[in-house]
Trainee: 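Before I ask anything, here is the structure I am working with.
Owing to the predicted nature of the structure, the values given are computational and were not obtained by experimental measurement.
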Amino acid sequence: MKCPFCGAIDSKVIDSRPTEDGEKIRRRRECLSCKKRFTTYEIVETVPLMVIKRDHSREAFDRQKLLNGMLRACEKRPVSYQQLDGAVSNIEQTLLNSYEREITSMYIGELAMEQLKHIDDVAYVRFASVYRQFSDVNTFMEELKDMLDSRSKSSEK
């Protein structure tokens, strides 16, 4: 950290504590050259996640938009808000851990379906029907058959 008094780049941290809002770290420093003290603030650098949509347009990732889509799929189902909020948190953490800053909406939809598959089968099928844009009943039935086949394979283990 460059000293505001003499311009030297070497300093030591004397005291460190969070600010009142908890969003920053306040550090008291002492310049090793001129011995004067100064304060710096450290904040987390956030780079927004960008979603590449089907039409190739881009928009910032919106956690609430994902949660709303999953809530719609779970309407009138025995799924708590906490379960869905946890699922959205898992998806968001997966996206942040990937180090990719541009993610396709297709990938986010796949992650959402994977989470819903573990929460509620009906919600999963509802979400998949909208997300995958089933064109006819046969496509819908194929998805149901795949889901039932994977369930029977996992119960055989």
Side-chain angles (χ1 to χ4, degrees), residues 1-134 143 146-147 150-151 154:
M1 183 61 63
K2 186 176 176 182
C3 174
F5 303 106
C6 71
I9 57 170
D10 291 325
S11 65
K12 67 179 179 180
V13 175
I14 298 168
D15 181 44
S16 186
R17 66 181 68 169
T19 57
E20 288 179 16
D21 62 5
E23 298 291 320
K24 301 176 198 141
I25 301 289
R26 178 185 181 272
R27 299 199 192 280
R28 286 293 292 159
R29 295 178 176 270
E30 182 179 292
C31 175
L32 296 177
S33 295
C34 69
K35 305 292 185 209
K36 290 191 178 180
R37 293 183 176 188
F38 57 99
T39 302
T40 61
Y41 291 89
E42 182 179 309
I43 60 169
V44 174
E45 181 180 33
T46 56
V47 179
L49 288 171
M50 297 302 291
V51 178
I52 304 169
K53 298 173 72 172
R54 287 183 183 168
D55 66 358
H56 302 290
S57 64
R58 286 169 169 71
E59 67 179 44
F61 173 75
D62 184 354
R63 174 190 170 84
Q64 192 61 47
K65 188 174 178 180
L66 177 59
L67 181 60
N68 289 344
M70 292 174 76
L71 279 168
R72 265 191 307 279
C74 292
E75 265 181 32
K76 298 183 182 179
R77 298 296 304 155
V79 178
S80 71
Y81 182 85
Q82 286 75 19
Q83 284 177 291
L84 288 178
D85 192 51
V88 171
S89 293
N90 290 342
I91 293 167
E92 189 173 26
Q93 198 59 53
T94 300
L95 298 174
L96 291 171
N97 289 344
S98 74
Y99 297 110
E100 295 290 327
R101 293 297 139 224
E102 291 191 331
I103 294 117
T104 64
S105 60
M106 301 292 287
Y107 180 60
I108 295 170
E110 293 295 329
L111 291 173
M113 286 193 307
E114 193 62 38
Q115 291 289 320
L116 285 171
K117 191 183 284 188
H118 298 294
I119 295 172
D120 186 83
D121 290 336
V122 174
Y124 163 75
V125 172
R126 285 178 180 172
F127 190 89
S129 70
V130 172
Y131 170 72
R132 292 214 171 118
Q133 300 175 338
F134 293 146
E143 182 69 31
D146 290 345
M147 184 183 79
S150 68
R151 179 184 285 161
S154 66

Trainee: Quick one, Arg126 and Cys74 - any side-chain contact, counting heavy atoms below 4.5 Å?
Mentor: no

Trainee: Considering all heavy atoms of both residues, which atom of Gly7 and which atom of Lys2 are nearest to each other, and what is their separation?
Mentor: O-CG, 3.6 Å

Trainee: Among Ile91, Asp85, Leu95, which one satisfies side chain to side chain contact (heavy atoms under 4.5 Å, CB included) with Arg63?
Mentor: Asp85

Trainee: Residues two or more places apart in sequence or in another chain: which of them pass side chain to side chain contact (heavy atoms under 4.5 Å, CB included) with Met1?
Mentor: Ser11, Arg29, Phe38, Thr40

Trainee: Testing the basics here: between Glu100 and Ile103, what is the closest heavy-atom pair and its distance to 0.1 Å?
Mentor: O-CD1, 3.6 Å

Trainee: With the side chain counted from C-beta on, respond yes when Val51 and Lys65 share a heavy-atom pair under 4.5 Å apart, and no when they do not.
Mentor: no

Trainee: So do Leu96 and Arg101 actually touch side chain to side chain, heavy atoms under 4.5 Å?
Mentor: yes

Trainee: Which value, rounded to the nearest 0.5 Å, describes the distance between Ser105 atom OG and Leu66 atom CG?
Mentor: 11.5 Å

Trainee: What distance separates Ile14 CD1 from Arg28 CZ, expressed to the nearest 0.5 Å?
Mentor: 6.5 Å

Trainee: Between atom CD of Gln83 and atom NE2 of His118, what is the distance when rounded to the nearest 0.5 Å?
Mentor: 13.0 Å

Trainee: In chain order, what residues pass the salt bridge (charged side-chain N to carboxylate O under 4.0 Å, His left out) check against Glu102, with sequence neighbours excluded?
Mentor: Arg58

Trainee: Could you give the distance from CZ (Arg37) to SG (Cys3), rounded to the nearest 0.5 Å?
Mentor: 12.5 Å

Trainee: Search all heavy atoms of Gly109 against all heavy atoms of Phe127 and return the closest pair with its distance.
Mentor: O-CE2, 3.8 Å

Trainee: If you round to the nearest 0.5 Å, how far is CE of Met50 from OG1 of Thr104?
Mentor: 13.5 Å

Trainee: What closest approach, in Å, do Pro18 and Ile25 show between heavy atoms, and which atom pair accounts for it?
Mentor: CA-CD1, 4.1 Å

Trainee: Do Asp10 and Ser33 have side-chain heavy atoms sitting under 4.5 Å apart?
Mentor: no

Trainee: What I'd like to find out is whether the side chain of Leu116 reaches to under 4.5 Å of the side chain of Asp120, using heavy atoms alone.
Mentor: no

Trainee: Output yes when a side-chain donor or acceptor of Asn97 lies under 3.5 Å from a complementary backbone atom of Gln93, and no otherwise.
Mentor: yes

Trainee: Within a strict 4.5 Å, meaning less than it, do heavy atoms of the Ile119 and Tyr124 side chains meet?
Mentor: no

Trainee: So, for Thr19 and Glu23, which heavy atoms are closest and what is the spacing to 0.1 Å?
Mentor: OG1-N, 3.8 Å

Trainee: Rounded to the nearest 0.5 Å, how far does CG of Asp62 lie from CG of Leu49?
Mentor: 11.5 Å

